[in-house]
Every structure is written in C-alpha cells, then in structure tokens.
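If you read the sequence from its start, that first residue is 1, and numbering goes on from there.
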Amino acid sequence: MAKKVHVIAHTHWDFEWYFTVNESSVQFVYHMDEVLRALEEGVLQYYLLDGQMSIVDDYLRFCPENRERIHALVQARKLFIGPWYTQTDELVISGESIVRNLQIGMARAKQLGGAMKIGYLPDSFGQGKDMPKIYRGMGISDTVFWRGVPNEKVQSRDFIWMSEDGSEVVAANIKNGYFVGVDLIEKENPEELIARVSEGAETEQVLLPVGGDQRFVDFNLKERIAAYNAKLSGVELLESTYEDYLKSIQGEVLKRVSGEFISSSVSKIHRSIYSSRYDQKYMNDKLERRLIYQLEPLMLMAESLGIPYKRELLEEIWKLVLRNHAHDSAGGCNSDATNQIINERFKEADELSYSAVDYLTRKIAESRKNTKPNDLVFYNTLPYSVRKTVRFEVSVTSPSIRLWQEGREQACQILNTEKRYRGEIKRDESLYDPEKYYYLHTVSAEVEIPGLSFTTYEIEEVAEEVETGQTAGNSIENERYRFTLQSGQATLVDKASGNEYVDFLWLEDGGDEGDTYDYSPAYHDDIYRLDFADAEVSIQTGELESRLLVSGNFAVARDLADRKAGKRSAHIPYQMEVRLARETERIEFNLKMDNQAQDHRMRLIVQTDIQAKHSYTDTPFGTISRPVIDPHLHDWKELNWREEPTAIFPMLHYLNVHNNKSSWTILVKGMKEYQIVGETFNQMAVTLFRSVGYLGRPDLIRRPGDASGNQYRYVETPDSQLEKELHFKFALVLDPAYDPAKFMRDYQHYAVSQPYYQIQNLNAFTTALKYFVSNPLPEKVTEPPLNWQLKPEKLVFSSFSRANDGGVAMRFYNPSTTEEVPEEKIQLPRKMDVAFTSLNGEALTEKVFTKEVSLGHFKPGEIKTIVVYPN
C-alpha cells in the first residue's frame, strides 16, 4: 500500500503582528481574489482560510460583492472557513471567551455555507488541557495544532487527546510547523521532505501543509505535486483537506494522551509571554469579567422587565474583545503600532460595555414603583446571593449620611468626602453660588442582595461633620486577620489558626534582557528585594473596613547598563492600600506604581509555610497541578529543546499552594503569570509586569539562537517598556484545606463588583450618560427581575447568558481533576421548561417542566449547560 501524503493548501494569516491589521487587510483583499479565482478555475482543488472568520469578515467589508462566490465555494467543500472567529490563545483567555469565540465563528461560517468542524489552532503558544471537552461541547471531534507536545509524553503525530471528564478528540500534531510544505514548492529533494514529515507517523497517512504566514497562493501546486510523484516510489501526494486526512486515520489504534501541552521540546512555546504588555492583559481581564459576570446576566434581568435584549450590541462588543484574543494579540508580541490598535479596541469595548451596564442599571432604578430621591439601588448579577462590604459614591447636600433599608438603619462608613460645585463653571470661582455646592462621599456599606436581583437602600442626609482622615499607625485587623507593616516588613496573623507569618510579603526586581515573547535574565543581572522600609504608613479604621495606606519610592536600575554597574538610579513612586473588610476572609491589596525604568521584571513574592512540590491554578474550565521544577531544567540544551523549561506558568484567576494542614491562595485581576520559588519552594511569585523594548531579540539566556518574531531585523517596541502608571489588584486567602470550587466562588465574590445607581439630580456626571434624561419604563418595576438562587457547593458557576433559541443558558463545571460531584440541585423561582444542551446549544435532553432542577452526576472536569425557558 502506497503511503499517502495529504497536501493541504492554506494560508496562515496572522490577524496582526509586527504589522497592523489594517496593513495586512489590504494584502488579504487581493489575496482572497486570487484564492477565489484559483478555486473556481480548478487551479487549486481545496483551500483552507486559516480557521478564523475575522479575516473573512474584513474581506467582505471591502468586497461585499463576493459573498455569494465564497458561499458557493464553501458549500462545494472547496473553500474551508471557521470554526474560530480569531485563533485564540488557550492559556490566559477565560473559558467562556473561548466558547464565545467558537460560537460566533461557527455562526458566521454557517451564514457563508458552514464551518470546518476541526479545532484548528496551528500557531497558538501552547495547548490548554480543557480544549478536548470544549471542542466536543461545540460538536467538534478533531483538532490540528503545532506547538507544545512534549516528546516524552507522545512522539506520534496522531493521537487521542483526552480531558478528565472523558471527552476525546483525535489530534493531528503538525510537528514540523504549518509551513513545512513550502519546501514542496521551493526545493527539489522530495525524499528528504517526505522523510521529515513521516517521522513519528504511525499510519500510512501523512500530512503536508503547504502555506505560511501571509503566504501568496501557490498556483503551481498541482505541477509540483506531479513532479514529486514522478520522483517518488511507494508514496503518493494528493491534494487533500484536514477533514479527509482525519477520516483516513479513523479506525487506527492511537495512543491516548491527556493534559496541557506547553513543552518547548519541539517548538518555541514562550512560557513567559503571559506577562508581556501587562496593561493589555489587565484590560482584557476586566472586560471578560464585565461581559461574562455583569453585562450578559444584566441584559437578561432587564429583558424580564421589558427592556429589549440587544444581542447584536453584545456580539459586537464580544467581537472587539475576541479580535484581541488572537494568539499574537493576546500575547502582546507585536509592534507598538499594532498594540495601539489593540488598545483602541479595548477602549471601544470598555466604553460600550460600561455604558450598557450604566444604562440598564439606571433604567431599572428609575422605573421602580414609588421611586424617591436618594434611593440607592444595588444590583447582583451573579445567580447566587451575595453579602459583602462594598464601596460606592453618593452625591448629597449634607456633610454626612445614614443608610436605611425597610425602616432599619444599615451600617455605613464614609471613607472620603469632596465638596463639588454643580452650577455653571466660571473662571472666577469667587462668583460661585454657595447654595450650589454638594458633597461627593466615598462610602463603604455592607449589602446583601439575592441572586440576579437588586436591593434598594434609602440615604438620609445628616448635617453633622464626620472625620474621615488618616491616623498614625501600622496595623489593621478584622475578625480573621491582623496585618502589620513595621520596619518595612509585612506580618500577618491568622486568627483562625493562631499562626503568625513574619516578613511574608515583598516585591522582587530583576533585569529582563528578553523580548515581548520571553523573559530572560540580564547577562549582567542584579536582582534585589523591594520592601517598604522607607515608606510612609498610615491607617484608616472604621466599623466596616480598615485600610493601611503605604506610599514611597522603589529604587531600581534605570536600564541594563545601570544594572550591570550595580546602580539604582531610577525611582518608582508607588501607593499601596491594604484593606480588611468586616467578616471577610480575604486581605485585599491595591497597588499603583509609576514605572520609570526599563528592561526589568517586577514580581510579587508571598512567603508561605508550605514547602510546595506542585502549584495549583484554574484553567478555562477546571484546575491544574504543575510541578514546581521541570525535570529537564538542567539537560534541555543536550536534548536540543528550543528554550529553557523554567517553571514559569500561566494563570487565569488564582494561584494556590497547599498541604494537608493549610492552603494559600492569591486571587488576581489581570496578572497572568507565576512561579514557585525559594530554597524550599515556599514562595509564590506572581509577575506584576515585564518591561522590555524589542519585539524579538536573538541569543537570550533562556532562549538561545534566532530571535522570535522577525529574525532579520530588530523591531523596537518602546511602548512595551510600560513607562507609565500601572495598577495591580490582588487578594490573599488562607484556608484550612484545598477546595477549588470555593476558590472560584472567592474569586467571583472578590472580583465581580455590584453595579449601583443613586436617584439624585445634584451630580450630572456620575457616568458619561447621566447628564441626559432617560424615560422610565411604561410598566413600573414592582419586584426584582429574576431573583434566582443557584449555588451548587462543589461546582463552579461559569455563565448566565442568552441561548440561541431564546432560552436562558446557565453553565456550571466541576473544577476537580479527580473527584466526582454527586447529585446537586438548583431551585428556580417557579416552574419552567428546562433542558440540557451542549456548549453550542444543541439539545441533549427533552424539556422538563420543573422548579427543582437536578444537575445530575458531574465527572471530574465536566461542564454542563442548562437552558431554562421562562414562561
């Protein structure tokens, strides 16, 4: 039987990179004309458009007249599009974002004839462990990718990739890269090429992708295939597709493999790209939280009150964010011009999503029955009740306030007060009318709000002044912790266990002679600890929360020359707030710094009492355990690996270490990289940011050889030095035991804020839209909108969104990698039709009319989607 070599004509069209999307779109407009002509005239039999719909959308924006030509070629199985909207990063992007990427990509492809049902990610920097169950949930049973598979795990090019829940996909690993087949066009040595792509092939079917980055159409492909076939014996090259290739290996006995693939044994994996351009990672994290945990549920809450659900608006916001999830875009390994466009997309998505939340919360608040001035309405967009101490601003005419609910006074604490003027502005402020001043109070209060609902409080204006200033002191506490900062050292007392942790938190600064792809230590490094020895410290205490305020300057090397000389001539101003709220089990940190240095990496160090062998963090739909040291750290060069396998890893929302006595968890907003360090591996190191100035550099200590990105020139990226103010938000939680479901509830409780709205006319600029008048709803709101209580104890709530068929889709998953979750139930407010569906909305069960929903048995890592049809 002759060996069959499946030649796949394609292009890998990076959405943006060292060029901007605008620059590449011009080339793509003309490229697509050539693709359509080649397929219609039979010059090519098949062509793959890189598995992403965003580039097709851009083409049709400029060439709408060719829509029917594309549709015809897709239906004829000549042109292959989708399933992605953009080729996502898999490691620092949330699970719901990955699902939305596929949902939107497949829906767009369906409009043009149908999506290729293959999880095609030829260049993502590592493969996430949850991808098999995501793919199967979307109706995809095969995947094709390049990077990350470790040689010691599997050397076969084809294998079955499994998730913990038993989901399986057939994986084709293009080990030589999606560009290997270019040699078919450009070289005359067929035996060498076929031998190279056959290595590790355990069947008589072999893949040969012919294409590359922004590569032109190879009009002579048939001629080159014929030339190779004439020279080879026992081998047949044929024009093919990935679908046909994967069908050809059906029935073969393939090895089963599980887990993530982030090894550099075969290809560069860029295991520290997770901290490049931190400012963009922070923005992405903020937008994911707002879209998934606020706007999608809020739109459903508003719809239940008669406010139309704006699906197209939501989808357009998602598309802006998803364009920034393309693997280079999410990584930040781009030119500054490209990243300025990425920032603009983030800004547009931020303004649209924030304005949508603002409009809906105001509309509902102003449409309530018996609305009164100084009503204060808080919203809970999570599907379970929350009780927490929140911060908010109110505008009143009095120097103080009291807070009431249904005749009972509620504790509140004024943190700060500013006097503002509401009249017309004048150059001479002495002409201001004294009757037109008001007070803007920053207030802390404890609120309790049912799930997917709102709660109204009443503000009473109080004439007496309140002292809100800071006082001398260096220690704060609540029922659970005491935090002290003395002589630069932070000490934590855990009142629950009685343990005291002295000098447990500081920052570390070291040189970074890497690039936007990879951290690499400076050739002449100088790494030092940054503590708070010279800081100004004060405290503000109250009934509901206490704050310890720290400000100072960190002295660091200005640049690599400074670091080599052992100088620390740059000063980075910083302010840090440590917050302990009443009856909470987390310590919250808010750190701002103005980076005035270049080519360095700064990390948060938290020293624990645990000598860790493994770290634990969440993945898109689960958790993962990773060793704190790679077994090949000392022999990777001898093995010809592409980069040093330093135990630097990606994270999404939290980092945990634990033993059988205690558990330490850091919750983060936007930081995406960590390492476990220390002589006994007892320190959690979370990268705050990296400051570098080149897209790619050659001959790094951690990555010898060619520069990543563009090997032929230095591309300077001064913006990636991040010489500006940076903001870091994180929290620390100590527990007696490891509980990943609790960690995600802690994260949601911490990271998801409660939108609010005050009925008042003093301050017309609380939001961008407050100045404009809005009509209330014709039907007054008499009760909270949904008021659902969904809180399975061992499961993680993932999303609450609109299903394609008009129902309400709720998603949960079991975060454990080993433990099954037995029967759990959720209570609906009334009887409704309920059905289970796949991630892409396909019904898995018949509808049942019920109030109590049995979620059934959850296997380790399993995801379930429940669709409810309110009647």
Side-chain angles (χ1 to χ4, degrees), residues 474-508 527-533 548 550 576 578-581 584-589 591 602-618 623-630 647-649 651 653-668 671 673-688 728 730-747 750 815-816:
N474 63 357
S475 183
I476 57 173
E477 61 184 303
N478 65 359
E479 297 84 355
R480 176 64 191 275
Y481 302 109
R482 182 167 64 250
F483 180 93
T484 304
L485 193 62
Q486 189 168 16
S487 301
Q489 294 186 353
T491 298
L492 179 66
V493 174
D494 180 5
K495 297 180 182 180
S497 66
N499 293 328
E500 181 179 35
Y501 305 101
V502 178
D503 194 19
F504 82 102
L505 181 145
W506 63 89
L507 302 184
E508 173 199 88
I527 301 174
Y528 32 80
R529 164 187 166 132
L530 301 173
D531 59 24
F532 311 99
L548 187 141
V550 190
M576 183 173 72
V578 185
R579 178 179 185 245
L580 284 174
T584 186
E585 296 189 344
R586 66 178 175 269
I587 313 157
E588 298 180 10
F589 297 84
L591 173 64
M602 195 173 287
R603 302 199 289 184
L604 166 73
I605 308 294
V606 174
Q607 182 161 281
T608 75
D609 61 349
I610 295 166
Q611 297 182 12
K613 293 184 179 179
H614 292 85
S615 62
Y616 302 81
T617 186
D618 65 317
T623 58
I624 192 166
S625 166
R626 299 178 175 123
V628 300
I629 185 167
D630 192 285
I648 297 173
F649 292 116
M651 62 192 297
H653 305 115
Y654 71 79
L655 166 64
N656 172 270
V657 294
H658 63 270
N659 56 24
N660 59 1
K661 294 182 180 179
S662 66
S663 168
W664 292 63
T665 306
I666 300 176
L667 311 174
V668 297
M671 288 90 84
E673 177 182 289
Y674 75 90
Q675 185 180 4
I676 306 301
V677 298
E679 291 184 6
T680 60
F681 297 104
N682 65 334
Q683 297 171 0
M684 296 190 286
V686 175
T687 306
L688 298 180
F728 309 95
F730 53 95
L732 179 66
V733 181
L734 274 58
D735 290 296
Y738 173 71
D739 185 347
K742 177 187 179 298
F743 300 157
M744 277 306 295
R745 285 197 300 273
D746 287 344
Y747 168 77
Y750 163 62
S816 175

Under the side chain to side chain donor-acceptor pair (under 3.5 Å) test against Asn656, which residue among Ser625, Ser615, Ser663 passes?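 The passing option is Ser663.
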Verdict with reasoning, Tyr501 to Gln607, per side-chain contact (heavy atoms from CB on, under 4.5 Å): CA-CA 8 Å; Tyr501 305 101; Gln607 182 161 281; over 6 Å; no
Assess whether a salt bridge exists between Asp735 and Lys742, defined as any Lys/Arg side-chain N lying under 4.0 Å from an Asp/Glu carboxylate O.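 Looking at Lys742 together with Asp735, the answer is yes, because their closest N to O distance falls below 4.0 Å.
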Heavy-atom check, side chain of [X] versus side chain of [Y], under 4.5 Å:
X      : Y      : result
Ile666 : Met651 : no
Arg480 : Thr584 : no
Leu734 : Trp664 : yes
Gln486 : Thr491 : no
Met602 : Phe728 : no
Phe532 : Leu505 : yes
Leu732 : Leu492 : yes
Val677 : Arg603 : yes

Return the [atom1] to [atom2] distance between [X] and [Y], rounded to the nearest 0.5 Å.
X      : Y      : atom1 : atom2 : answer
Ser662 : Asn499 : OG    : CG    : 7.5 Å
Phe483 : Arg579 : CZ    : CZ    : 15.0 Å
Leu507 : Leu530 : CG    : CG    : 6.0 Å
Ile587 : Leu580 : CD1   : CG    : 6.0 Å
Ile624 : His614 : CD1   : NE2   : 10.5 Å
Lys661 : Ser497 : NZ    : OG    : 11.5 Å

Could you check whether any side-chain N or O of Tyr481 sits under 3.5 Å from a backbone N or O of Glu585, counting only pairs where one atom can act as donor and the other as acceptor?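 A pair under 3.5 Å: yes.
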side-chain contact (heavy atoms from CB on, under 4.5 Å) between Met671 and Leu688, worked out: CA-CA 6 Å; Met671 288 90 84; Leu688 298 180; 4.2 Å; yes
Take Tyr654 and Tyr747, measure what ring pair (Phe, Tyr, Trp, His ring centres under 6.0 Å) needs, and give me the verdict at the end. CA-CA 8 Å; Tyr654 71 79; Tyr747 168 77; 8.2 Å; no
Shortest non-hydrogen contact from [X] to [Y]?
X      : Y      : result
Ile610 : Asn659 : CG1-ND2, 3.7 Å
Ala612 : Ile676 : CB-CG2, 4.2 Å
Lys495 : Glu479 : CD-O, 3.4 Å
Leu548 : Ile476 : N-CD1, 3.7 Å
Thr623 : Pro815 : OG1-O, 2.8 Å
Phe743 : Leu667 : O-CD2, 4.1 Å

Could you list the residues that satisfy salt bridge (charged side-chain N to carboxylate O under 4.0 Å, His left out) with Asp503, not counting sequence neighbours?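 Partners of Asp503 by the salt bridge (charged side-chain N to carboxylate O under 4.0 Å, His left out) criterion, ordered by chain and then number, come out as Arg529.
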Without hydrogens or angle criteria, can the side chains of Asn474 and Thr484 be said to hold a donor-acceptor pair below 3.5 Å?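 Not at all, the side chains of Asn474 and Thr484 share no donor-acceptor pair under 3.5 Å.
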Pair Phe649-Thr617, side-chain contact (heavy atoms from CB on, under 4.5 Å): steps then yes or no: CA-CA 9 Å; Phe649 292 116; Thr617 186; over 6 Å; no
